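Before anything else, here's the structure in question.
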Amino acid sequence: MSNRSHQSVGKTARIAALRRLPNLVGCAGSAVFFCLFFAYLWRIVDVRLIYYAAGMVSDFPVFFRGEAFFRPFLFYPGGLAEYVGAFLAQWFAFSWGGALVVTLQAWLLAACAGAVLDAAGASGLRWVRFIFPLGLLVVCSHYAYHFAAVTAMSIALMAACVYIAVAQRLHRCDRHAGCAVLFAALSLAVYYATAGGYLLFAVICAGYELLHGRWRLGLTSLALAVAVPYVVGVLVFRVSEEMAFFVALPLWSRTGFAPPRDVPTVLSLGLVLALPVALCAAGLWRLATHRGCGSEPARKSKKTKQRGPVALVRSVRSWYGHRPVGRWAVGATMLLAAAAGAAMLSYDGVRKATFQVHCFACGRMWSEVLQIARGASRSVSTMNAVNRALYYTGRLGSEMFAWPQHADAMLVSGQDQDMTFWTKFDTQMDLGLINAAHKNYTECLEVYGAHPLILERLALANLAKGNIGGARIYLGALSKTLFQGRWAENCLARLASDPTLAGDDQIAQWRSVHMGQDVPTIFAPTEVQLQMLLKENERNRMAFEYLMSTYMLTRQLEKFAAHLDRLDALGYGAFPRHYEEAILVYAYATQRSVFLHGRQIEPQTRQRIEQFSQTFNRHNKDRQAALRELAAGYGDSYFFFNLYGLSGVKR
């Protein structure tokens with residue numbers, strides 16, 4: 001008897017273990033999926049570029065430590081979700097930090113969605129929960145993220161899970177009135193915390209009740225989904241109707257309601273609707289399969305063989321449901337395939353490289369800028385960053401035509417009111433146009449808010465100008481940020497001991513080239529601005545190289561030749577390669593000799609222009625016919641640019 005009982009217990013334990021196996025395998029599979037999800041966002045997408053996207057990411061939230069920043073969020077619905085979203089956004093300053101935030105939010109949304117579908121009796125739609133991580137993956141691949149909206153969704157789904165867990169116990173005890181009280185209490189809390197996110201909470205709770213046949217409670221919940229925002233938001237908090245219903249949703253921005261116009265916004269809005277649509281689909285399926293059939297036909301159906309699509313679906317579900325390991329294998333394969341497809345379709349290497357260029361330029365990582373710029377867009381901002389990198393690596397005069405060039409990219413004034421990629425205004429700082437840079441940084445502050453990178457630039461501009469009081473204001477604000485605070489505090493401490501920061505090499509460099517007199521250079525042509533900088537300081541080497549590059553790009557070679565006498569004072573030895581090429585082009589075109597100030601043109605350069613001319617003449621001076629051959633051999637030279645106006649085409 002004892003042996004039989006032990007055998008029975010062992011058999012029961014084995015059966016229980018086998019039943020738990022699919023759950024354990026499923027948990028392990030989910031863990032692997034989210035680890036891969038984290039690694040992809042960290043190493044491939046590099047989500048810190050959202051932080052450094054320099055104006056290309058709209059409504060990037062700012063965050064400061066202290067009660068003064070926190071208090072205003074308490075006085076309108078959805079403020080808490082926006083506050084938490086702003087806090088989480090700052091972690092995007094690190095690639096691993098941003099990837100971790102997105103991964104945790106994606107896991108939380110998926111887990112809550114799975115729990116809601118199980119409780120609603122829609123376990124067959126559990127795959128819907130993975131729409132959240134896949135959707136966030138695509139959004140991040142576009143280098144966008146709706147911080148407040150995702151935070152509000154997370155709070156709403158967690159609150160819905162709390163409601164369902166407590167409501168299940170109350171319904172078992174036939175305490176249906178308690179569910180109404182619970183829903184009302186959670187409604188007030190969720191609406192105050194998330195504003196627009198409350199709509200998601202209310203619809204999920206209503207769907208849960210309706211799927212269990214509790215029509216009165218479900219319809220009441222749907223009615224409150226509209227009534228609570230109006231009563232609490234409009235009547236109590238006195239906010240506008242748009243703000244009452246849309247704050248903390250993807251449709252809301254700092255400027256108010258914004259219809260979806262881009263892929264990230266549409267996808268984020270789709271994530272809000274995913275679970276309500278799934279619950280609606282589950283309800284319609286039940287109506288299609290059970291509604292209109294009484295108990296008698298249902299009993300007969302057990303004796304008769306079903307036919308048609310419904311029978312086929314049920315047979316497939318029956319086979320699928322009785323094979324847990326196979327079900328997990330099929331599900332895992334489909335999930336990985338969907339994730340791989342979403343990653344491949346949404347990944348934009350050019351956009352990533354463009355953002356990386358400006359991220360590295362922001363950190364003055366010039367070698368990295370040149371390494372990655374080949375794959376970036378040929379925008380004015382990218383060209384501007386490349387030219388700065390070439391200058392600081394000593395290669396502007398010898399390699400600039402190995403890259404795409406345009407005269408407008410040498411110096412961006414901000415006259416076009418395009419404040420995106422504000423790192424392009426750093427060129428003005430480095431050249432000595434600090435007043436112009438200060439003006440553009442201030443406009444960036446008005447457009448994009450107090451982003452730490454903008455505050456840092458405003459502080460440095462004021463320090464370079466000697467406006468210590470203004471610098472202290474921006475450093476004080478910056479000291480309350482999460483990750484730039486230590487740098488700002490160090491600057492304030494140094495100002496206490498050295499009010500002029502005379503020992504700071506970078507500040508000293510800016511001051512040495514700063515245009516002392518206030519002249520109207522902001523909207524003057526690039527040539528005029530650079531000439532005035534050289535007039536102010538003849539040893540401004542960067543202004544000289546930029547002026548000479550501008551002359552080459554605009555084909556003003558007579559002016560180019562007239563400035564060759566500045567080379568000695570600036571400490572140049574031999575001519576840079578492009579200077580030699582420009583001198584030869586000018587001499588050949590005008591049949592004039594150029595005074596070389598004791599320098600010589602390298603024989604190789606003379607040989608190259610002869611070969612270039614021979615190739616061009618061999619095609620009967622037909623520019624289109626000679627284009628391919630000349631581009632292959634001379635696409636990185638000034639010879640080619642002067643003839644075609646193209647550069648960076650050598651393969």
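In this text the structure is predicted, and so the values were computed from the model without any measurement. When a residue number appears, it is its place in the shown sequence, counting from 1.
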### Message
Is the shortest side-chain heavy-atom distance between E489 and K480 below 4.5 Å?
### Response
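Answer no - side chains too far apart.
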### Query
Would M334 and W127 count as a side-chain contact (heavy atoms from CB on, under 4.5 Å) if you check the C-alpha gap in whole Å, the side-chain angles of each, and the deciding distance to 0.1 Å?
CA-CA 10 Å; M334 294 179 64; W127 57 268; over 6 Å; no
### Task
Mind checking the CG-CH2 spacing from L453 to W422? Nearest 0.5 Å is all I need.
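Rounded to the nearest 0.5 Å, the CG-CH2 separation comes to 6.0 Å.
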### Message
Using the rule given for side chain to side chain donor-acceptor pair (under 3.5 Å), can you reason through Y163 versus Q168, listing the C-alpha separation, both sets of side-chain angles and the distance that settles it, and then say yes or no?
### Response
CA-CA 8 Å; Y163 172 81; Q168 285 176 335; over 6 Å; no
### Message
Would you call the rings of F63 and Y83 parallel, tilted or perpendicular, taking 30° and 60° as the class edges?
### Response
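Ring orientation, 0 to 90° scale: tilted.
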### Task
If the plane angle is over 60° it's perpendicular, under 30° parallel, otherwise tilted; pick one for F33 and F130.
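If you compare the ring of F33 with that of F130, the planes turn out perpendicular.
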### Message
Tell me if the CZ atom of F483 is crowded by more than 12 foreign heavy atoms within 6.0 Å.
### Response
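Check passes, neighbour count above 12.
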### For T151 against A81, the heavy-atom pair lying closest together
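Closest pair (atom of T151, atom of A81, distance): CG2-O, 3.8 Å.
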### Query
Would L109 and S154 satisfy side-chain contact (heavy atoms from CB on, under 4.5 Å), going step by step from the backbone distance to the final call?
CA-CA 6 Å; L109 290 170; S154 302; 3.8 Å; yes
Listing, residues 133-144 side-chain donor-acceptor contacts under 3.5 Å, not counting sequence neighbours, or none:
| unit_1 | atom_1 | unit_2 | atom_2 | d |
| --- | --- | --- | --- | --- |
| S141 | OG | L137 | O | 2.9 |
| S141 | OG | S346 | OG | 3.3 |
| H142 | ND1 | V138 | O | 2.9 |
| Y143 | OH | V45 | O | 2.6 |

### Query
Quick one: does H146's side chain get under 4.5 Å of W252's, heavy atoms only?
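When only atoms from C-beta onward are counted, W252 and H146 do not touch, as no gap falls below 4.5 Å.
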### Message
Could you check whether F92 and Y51 have their ring centres less than 6.0 Å apart?
### Response
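No: the rings miss the under 6.0 Å criterion.
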### Task
Take L224 and F183, measure what side-chain contact (heavy atoms from CB on, under 4.5 Å) needs, and give me the verdict at the end.
CA-CA 10 Å; L224 288 177; F183 180 79; 3.5 Å; yes
### Message
Determine whether the aromatic ring centres of residues F237 and F75 are separated by less than 6.0 angstrom.
### Response
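No - the distance between ring centres of F75 and F237 does not fall below the 6.0 Å cut-off.
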### Task
Taking S479 for its side chain and G476 for its backbone only, find out whether a donor-acceptor pair lies under 3.5 Å.
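Here the side-chain-to-backbone pair exists.
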### Heavy-atom side-chain contact between L445 and L455 under 4.5 Å
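Side chain of L445 against side chain of L455, heavy atoms only: contact under 4.5 Å found.
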### Query
Is the side chain of S377 donor-acceptor paired with the backbone N or O of T354 at a distance under 3.5 Å, no angle test?
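Flag not set: sc S377 to bb T354 has no pair under 3.5 Å.
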### Query
Is there a donor-acceptor contact under 3.5 Å linking the side chains of Y76 and E82?
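There is such a pair (donor and acceptor under 3.5 Å, judged by atom type) between the side chains of Y76 and E82.
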### Query
Which of parallel (below 30°), tilted (30 to 60°) and perpendicular (above 60°) describes F87 and W91?
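Ring orientation, 0 to 90° scale: perpendicular.
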### Query
When you check the side-chain N and O atoms of Y145 and Q105, is any donor under 3.5 Å from an acceptor?
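Yes, a side-chain donor-acceptor pair sits under 3.5 Å.
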### Message
Main chain of L478, side chain of T481: is a donor-acceptor contact present, judged purely on distance under 3.5 Å?
### Response
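Yes, T481 side chain to L478 backbone: donor-acceptor pair under 3.5 Å.
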### Query
Any side-chain heavy atom of V150 sitting closer than 4.5 Å to one from V102?
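No, their side chains stay 4.5 Å or more apart.
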### Message
Just verifying a value: how many Å separate L210 CG and R216 CZ, rounded to the nearest 0.5 Å?
### Response
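So the CG of L210 and the CZ of R216 are separated by 13.5 Å.
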### Query
So with a 6.0 Å cut-off around CZ of R65, is the heavy-atom count from everything else above 12?
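Enclosed: over 12 neighbouring heavy atoms sit under 6.0 Å from CZ of R65.
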### Side-chain donor/acceptor of H212 to backbone N/O of A119, under 3.5 Å
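At least one qualifying donor-acceptor pair exists.
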### Task
Determine which pairs satisfy side chain to side chain donor-acceptor pair (under 3.5 Å) with at least one residue from residues 112-123, sequence neighbours left out, and list them in order.
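Every side chain to side chain donor-acceptor pair (under 3.5 Å) pair that includes a residue of residues 112-123, provided the two are not neighbours, is D118-S123, D118-R126.
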### Message
What I'd like to find out is whether the side chain of C179 reaches to under 4.5 Å of the side chain of L217, using heavy atoms alone.
### Response
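They are in side-chain contact.
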#### Entry: Pairwise distance CG(L108) to CE(M153) - rounded to 0.5 angstrom
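The CG atom of L108 sits 11.0 Å away from the CE atom of M153.
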### Task
Write down the atom of S95, the atom of L41, and the distance for their closest heavy-atom approach.
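Heavy atoms only, the tightest pair is OG-O, 4.3 Å.
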### Task
Calculate, to the nearest 0.5 Å, the distance between atoms CZ and OH belonging to F34 and Y40 respectively.
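If we round to the nearest 0.5 Å, F34:CZ and Y40:OH are 16.0 Å apart.
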#### Entry: Side-chain donor-acceptor contact under 3.5 Å, Y441 with E456
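Side-chain D/A pair, Y441 to E456: absent.
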#### Entry: Heavy-atom closest contact (A274 atom, F132 atom, distance)
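Closest pair (atom of A274, atom of F132, distance): CB-CZ, 4.5 Å.
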### Query
Where is the tightest heavy-atom contact between V116 and C161, given as atom of each residue plus distance?
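That closest heavy-atom pairing would be CG2-SG, 4.0 Å.
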### Query
Checking R48 side chain against W96 main chain: does a donor-acceptor pair fall under 3.5 Å?
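Looks like no, no N/O pair under 3.5 Å.
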### Query
Looking only at heavy atoms, what is the nearest atom pair of L199 and F245, with distance?
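That would be CD1-O, 3.9 Å.
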### Task
May I ask you to decide if L74's main-chain N or O and Y192's side chain share a donor-acceptor pair within less than 3.5 Å?
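Judged by distance alone, yes, a pair lies under 3.5 Å.
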### Message
Taking the ring centre of each residue, are H451 and F60 less than 6.0 Å apart?
### Response
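Yes.
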### Query
Out of curiosity, M158 CE to I155 CD1, how far, rounded to the nearest 0.5 Å?
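The distance works out to 6.0 Å.
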### Query
How about R457 and T423: do any of their side-chain heavy atoms sit closer than 4.5 Å?
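They are in contact (side-chain heavy atoms under 4.5 Å apart), so the answer is yes.
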### Contact check, side chains of L117 and L275, non-hydrogen atoms, under 4.5 Å
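Side chain of L117 against side chain of L275, heavy atoms only: contact under 4.5 Å found.
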### Message
For a quick test of reading the model, state the closest non-hydrogen atom pair linking A152 to A248 and the distance between them.
### Response
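Looking at all heavy atoms of both residues, the shortest contact is CB-O, 3.6 Å.
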#### Entry: side-chain contact (heavy atoms from CB on, under 4.5 Å) between R169 and R175, worked out
CA-CA 9 Å; R169 297 184 179 183; R175 298 170 64 180; over 6 Å; no
### Query
Are W42 and T103 close enough that some pair of their side-chain heavy atoms sits under 4.5 Å apart?
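Result no, sub-4.5 Å side-chain heavy-atom pair not found.
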### Query
Does Q90 use its side chain to pair, donor to acceptor, with the backbone of A86 at less than 3.5 Å?
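Yes, the answer is positive, given that a donor and an acceptor are paired below the 3.5 Å cut-off.
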### Task
Calculate, to the nearest 0.5 Å, the distance between atoms OG and CZ belonging to S30 and F37 respectively.
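Here the rounded value is 13.0 Å.
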